[in-house]
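Below: one structure, written as structure tokens.
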Amino acid sequence: MPSLRDTIAADLRTQITTGHLRAGARLPSEPRLAAQYKVSTPTLRNALALLQAEGLVEKIHGKGNFVCRPHRRLTYTGGRLTPDADLHVTIRTTNVRARGDLVTLFKVPSRTALTEFLCLTHQGEALHSLTRLYVPRDLVSAELPWSRTGPAETQETVAARLPTAEESSILRISPSQAVLAITRVSTDTAGRVVEAAFLVLPGDRTNALFTTHHATEGRGTEG
């Protein structure tokens, strides 16, 4: 038997998907909705949390809950998001020292000098994704050995998880909404790690495309 939380979420979901509650519309206040459904405010908030996780409802602090406008999905492929007329990036650069996972990824001593690039990708006026990219400090100003042809090898690790509190705040998404987390590590021809990137892509607005090229050997003719 469905719980009160699930029943309320299902009713609101139907109102949203059928257009009774339109994109951008503000929902009634939480106390009013709780009274309407004859439940406690915590139960009502649990129901709204389900819709927030599905990307149907957005809670804006100090303003209330709103029906989300549908996000156009972008495709992540070949190490980048597909080009889009509305896509632009802002970049903040900071000098940091390697620690934690960065020490392991770069295979360098702790406190090795790195440069961090915080890249925020915008789709129109809305934030779409964030990337923290790290490069050894000595490669930032010098010409990269692979700058013309790209790194010799790039490995990507993909995981679905919940966002951190910082990611949720930056991307303005619910803490219960899944994100696609991609760790990308690039090495040069000598095997040195020249770039490590951590991408966070909200699951409701991103597809990931991976292509496998199969090598086939031709059969020789027998003489």
Let me confirm one number: the [atom1]-[atom2] distance from [X] to [Y], rounded to the nearest 0.5 Å.
X      : Y      : atom1 : atom2 : value
Asn46  : Asp6   : CG    : CG    : 10.0 Å
Arg132 : Glu167 : CZ    : CD    : 8.0 Å
Leu201 : Tyr76  : CG    : OH    : 7.5 Å
Ser129 : Ile182 : OG    : CD1   : 9.5 Å
Glu195 : Leu133 : CD    : CG    : 4.0 Å
His128 : Leu120 : NE2   : CG    : 13.0 Å

Are the side chains of [Y] and [X] in contact, using a 4.5 Å heavy-atom criterion?
X      : Y      : answer
Leu74  : Thr206 : no
Arg205 : Ile173 : yes
Leu4   : Tyr37  : no

Please determine whether residues [X] and [Y] belong to a single hydrophobic cluster, defined as Ile, Leu, Val, Met, Phe, Trp and Tyr linked transitively by side-chain heavy-atom distances below 4.5 Å.
X      : Y      : result
Val140 : Ile91  : yes
Phe198 : Ile170 : no
Val185 : Phe117 : no
Val67  : Leu44  : yes
Leu199 : Leu130 : no

Does atom CZ of Arg26 have more than 12 heavy-atom neighbours from other groups under 6.0 Å away? yes

Other residues, nucleotides and ligands only: do more than 12 of their heavy atoms fall within 6.0 Å of CZ on Arg97?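 Counting neighbours around CZ of Arg97, more than 12 heavy atoms of other residues, nucleotides or ligands fall under 6.0 Å, so yes.
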
Give the minimum heavy-atom separation between [X] and [Y], together with the two atoms involved.
X      : Y      : answer
Pro202 : Gln177 : CB-NE2, 3.7 Å
Ser168 : Pro163 : N-CB, 4.1 Å
Leu105 : Ala196 : CD1-CB, 4.3 Å
Pro2   : Thr7   : CB-OG1, 3.9 Å
Val89  : Cys119 : CG1-CB, 3.9 Å
Leu51  : Ala9   : CD2-O, 3.7 Å

Begin from the C-alpha positions of Leu118 and Thr94 and carry the test side-chain contact (heavy atoms from CB on, under 4.5 Å) through to its verdict. CA-CA 8 Å; Leu118 174 61; Thr94 308; over 6 Å; no

Side-chain (Arg137) to main-chain (Val96) donor-acceptor, under 3.5 angstrom: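 Here the side-chain-to-backbone pair exists.
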
Is there any side-chain hydrogen bond (donor to acceptor under 3.5 Å, both in side chains) pair reaching into residues 99-114, and which pairs are they, with sequence neighbours excluded? none

Does the plane of the ring in His122 sit parallel, tilted or perpendicular to the ring in His88? Use 30° and 60° as the thresholds.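 It falls in the parallel class, under 30°.
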
